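All of these numbers come straight from a predicted model, not from anything done at the bench. Counting starts at 1 for both ligands and their atoms, in listed order. Sequence positions, counted from 1, serve as the residue numbers for this chain.
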Amino acid sequence: MGIDLTYAPAPESRSIVDLKASYGLFIDGEFVDGHGSDSSAFKTINPATEEVLAEVAEADAADVDAAVKAARRAYQRVWSRMPGSERAKYLYRIARIIQERGRELAVLESLDNGKPIKESRDVDIPVVAAHFFYYAGWADKLEFSGYAGSDGSAPRPLGVAGQIIPWNFPLLMLAWKIAPALACGNTVVLKPAETTPLTALLFAEICQQADLPPGVVNIVTGAGETGQALVAHPDIDKVAFTGSTAVGKAIARSIAGTDKKATLELGGKAANIVFDDAPLDQAVEGIVNGIFFNQGHVCCAGSRLLVQESIADDLLERLKRRMSTLRLGDPLDKNTDIGAINSAEQLARIRELSEIGESEGAERWSPSCELPAQGFWFPPTLFTGVTQAHRIAREEVFGPVLSVLTFRTPSEAIEKANNTPYGLSAGVWTEKGSRILHVAGALKAGVVWANTFNKFDPTSPFGGFKESGYGREGGRQGLAAYLKTEQGGR
Ligand code: NDP
């Protein structure tokens, strides 16, 4: 008699989240109604069920203006004058409240985004708290950051930052933007993505709970037009954007000729390179983590697997076996590996590029896997027989879709890995330390992981080459994005 090893459902309760029917904008320390009409409110839905979670106000240009004015007042009167050691106390307080309310934040993130609870609980939220702790530590040490003035004085903040974030890591991208900005003495107006505004609004409540002075953090919800109004506002000193290369380029064009500073973190098409001496089972775990973590909605996803020809058959067999064990379904179930695709639009894009992959001649494979009837779902998928000319090898799919290419020599691997307009991240799998150093040095990518993938740490800078954007977030280098620096610092 066979033993049944399937998992019983283990859903996390959503009762910890107190969802309101509708949310306003967070301006000057208060939740306020927007200037727009009631009809301009938009709905945010649970992508796993298509259930409406809440109505959210859509900020128009007048609301953005009110938020920027509040941020300017808070900057001039309070935040830029406050000693760094005092700013640090607020950041530590926020970090601790994030930890205390971690379960609530994780459940809300999974509800609004569709990501598995084990990821929001074990990755997103702990790294969010770690970011606030890390930058709290810098707030009173900026003169030792390497960006001090030539006379050793503490570097000055920029002023008001307009920050626009995407939907793939809603609260984590908020932390990457807000923590360094505040630590350096700037105030912010942040626009979350239209499909995932809820954890940013809960973060606004956390700012109230931490008694953060009004106006230091302002949250304006809305769609692309709200983002445009923020970028165009004449009284912001800095734009920080994470999202698509197309919108990043439009932002760069719109601020050209102004003295606004910008950091852009755009897309990627990372190569995950497996050499013939790599520990294969470990590499399979890294490949799975590289492309199926967060449904592949990851700018640094290892979406191109480059495998040495001599081990390709063996590796692919192991990879397919491992993919067959991935559990897709309810994001709130603690056993779920692959949750829902964030939106109908993103699902349509993943489907379209996958169909193009097939029509261009690549071979498509997915494990047998039942997709829920309701919601937005896409099975873990791999394409073999992919050439460098295929669109699935060149464009960011931003979904659970892996393109497999082969190589024979290290120099061919490097050439193929660099043959992309992007340059955000890469992975190298090999037993040889010298090969790791050689290949990592030759790859044009902001981050290169060796024998691991998708590891994030607040102490480590993150950012891209080429069309993946410019500027760095995280680490000491992430401070430079929010300070007036002389010659870029030392
Ligand atoms: P966008 O670049 O459109 O969205 C990112 C953020 O910018 C959102 O808050 C968005 O608002 C806002 N925005 C949109 N248009 C403008 C504008 N003209 N001016 C200022 N802000 C704007 O990404 P999408 O959500 O449309 O995703 C499209 C593709 O982009 C994905 O398929 C993926 O390939 C890539 N992408 C890459 C990300 C990365 O981290 N590198 C993250 C997200 C997407 P709103 O949400 O309301 O549209």
- Measure from the ring center of Trp79 to the ring center of Tyr75 and say whether it is less than 6.0 Å. no

- When you measure from atom 1 (P) of ligand 1 to every protein heavy atom, which one gives the shortest distance, and what is it? Ser244 OG, 3.6 Å

- Query: Numbering the atoms of ligand 1 from 1, which are under 4.0 Å from a heavy atom of Pro166?
  - Reply: 42 (C), 43 (C)

- Task: Could you tell me whether Glu345 approaches ligand 1 through its side chain, its backbone, both or neither, with non-hydrogen atoms closer than 4.0 Å?
- Result: neither

- Item | Under 4.0 Å to a heavy atom of Ala193 - the qualifying atoms of ligand 1, by number | 9 (O), 46 (O)

- Under 4.0 Å to a heavy atom of Glu396 - the qualifying atoms of ligand 1, by number: 33 (C), 34 (O), 35 (C), 37 (C)

- Message: Any nitrogen or oxygen of Thr242 lying under 3.5 Å from a nitrogen or oxygen in ligand 1? Just yes or no.
- Response: no

- Query: Below 3.5 angstrom, do we get any N/O pair linking Leu266 and ligand 1?
  - Reply: yes

- Kindly indicate whether the side chain of His297, heavy atoms from C-beta on, has any atom under 4.5 Å from the side chain of Lys115. no

- Note on the structure: closest protein heavy atom to atom 12 (C) of ligand 1 is Ile164 CG2, 3.7 Å

- Task: Identify, by atom number and element, the atoms of ligand 1 in contact range of Arg349, meaning under 4.0 Å from any of its heavy atoms.
- Result: 32 (O)

- Item | Centroid-centroid under 6.0 Å between Trp176 and Tyr135 rings | no

- Worked verdict on Arg101 versus Glu104 for salt bridge (Lys or Arg N to Asp or Glu O under 4.0 Å): CA-CA 5 Å; Arg101 300 181 70 172; Glu104 184 185 354; 3.0 Å; yes

- Query: When you measure from atom 11 (O) of ligand 1 to every protein heavy atom, which one gives the shortest distance, and what is it?
  - Reply: Lys191 NZ, 3.0 Å

- Can you tell me if Phe241 has a non-hydrogen atom under 4.0 Å from ligand 1? yes

- Message: Just to confirm my output: which protein heavy-atom neighbour is closest to atom 18 (N) of ligand 1, and how far is it?
- Response: Gln228 CG, 3.5 Å

- Kindly indicate whether atom 7 (O) of ligand 1 is approached by any protein heavy atom to under 4.0 angstrom. yes

- Query: atom 39 (C) of ligand 1: which protein heavy atom is closest, and how many Å away?
  - Reply: Cys299 CB, 3.4 Å

- Which bit of Gln346 is near ligand 1, meaning a heavy atom under 4.0 Å away: side chain, backbone, both or neither? side chain

- Message: Within ligand 1, which atoms have a heavy atom of Val247 less than 4.0 Å away?
- Response: 2 (O), 3 (O), 15 (N), 16 (C), 17 (C), 22 (C)

- Query: Is the closest side-chain heavy-atom distance between Val217 and Leu190 below 4.5 Å?
  - Reply: no

- Message: Is it the case that the side chain of Asn186 and the backbone of Leu158 share a donor-acceptor pair, with hydrogens and angles ignored and the cut-off at 3.5 Å?
- Response: yes

- Message: Which residue and atom name correspond to the protein heavy atom nearest atom 47 (O) of ligand 1, and how close is it?
- Response: Ala223 CA, 2.9 Å

- Considering distance alone, does some N or O of Thr195 sit under 3.5 Å from an N or O of ligand 1? no

- Specify whether the nearest protein heavy atom to atom 26 (O) of ligand 1 is under 4.0 angstrom away. no

- Do Phe203 and Phe132 make the cut of ring centroids closer than 6.0 angstrom? yes

- Take Thr195 and Asn342 through the side chain to side chain donor-acceptor pair (under 3.5 Å) test and state the conclusion after the steps. CA-CA 8 Å; Thr195 58; Asn342 180 249; 2.7 Å; yes

- When you measure from atom 9 (O) of ligand 1 to every protein heavy atom, which one gives the shortest distance, and what is it? Ile165 O, 2.8 Å

- Task: Please confirm whether the backbone N or O of Lys69 pairs with a side-chain atom of Asp235, one donor and one acceptor, at under 3.5 Å?
- Result: no

- Message: Minimum distance, heavy atoms only, to atom 15 (N) of ligand 1: which one of Gly464, Gly222, Gly224 is it?
- Response: Gly224

- Phe378 vs Leu328 side-chain heavy atoms within contact, under 4.5 Å: no

- Task: Compute the centroid of each ring, for Trp365 and then for Phe383, and state whether the two points are separated by less than 6.0 Å.
- Result: no

- Item | Test: Lys238 cationic atom under 6.0 Å from Tyr482 six-membered ring centre, within 45° of axis | yes

- Is there a heavy atom in Gly267 that sits closer than 4.0 Å to ligand 1? yes

- Query: Is there a side-chain contact between Ile255 and Lys261, using heavy atoms and a 4.5 Å cut-off?
  - Reply: no

- closest protein heavy atom to atom 33 (C) of ligand 1 is Phe398 CG, 3.4 Å

- When only distance counts, is Gly227 in polar contact with ligand 1, meaning an N/O pair under 3.5 Å? no

- Query: Got Phe42 and Thr221 here, is their nearest side-chain heavy-atom distance under 4.5 Å?
  - Reply: yes

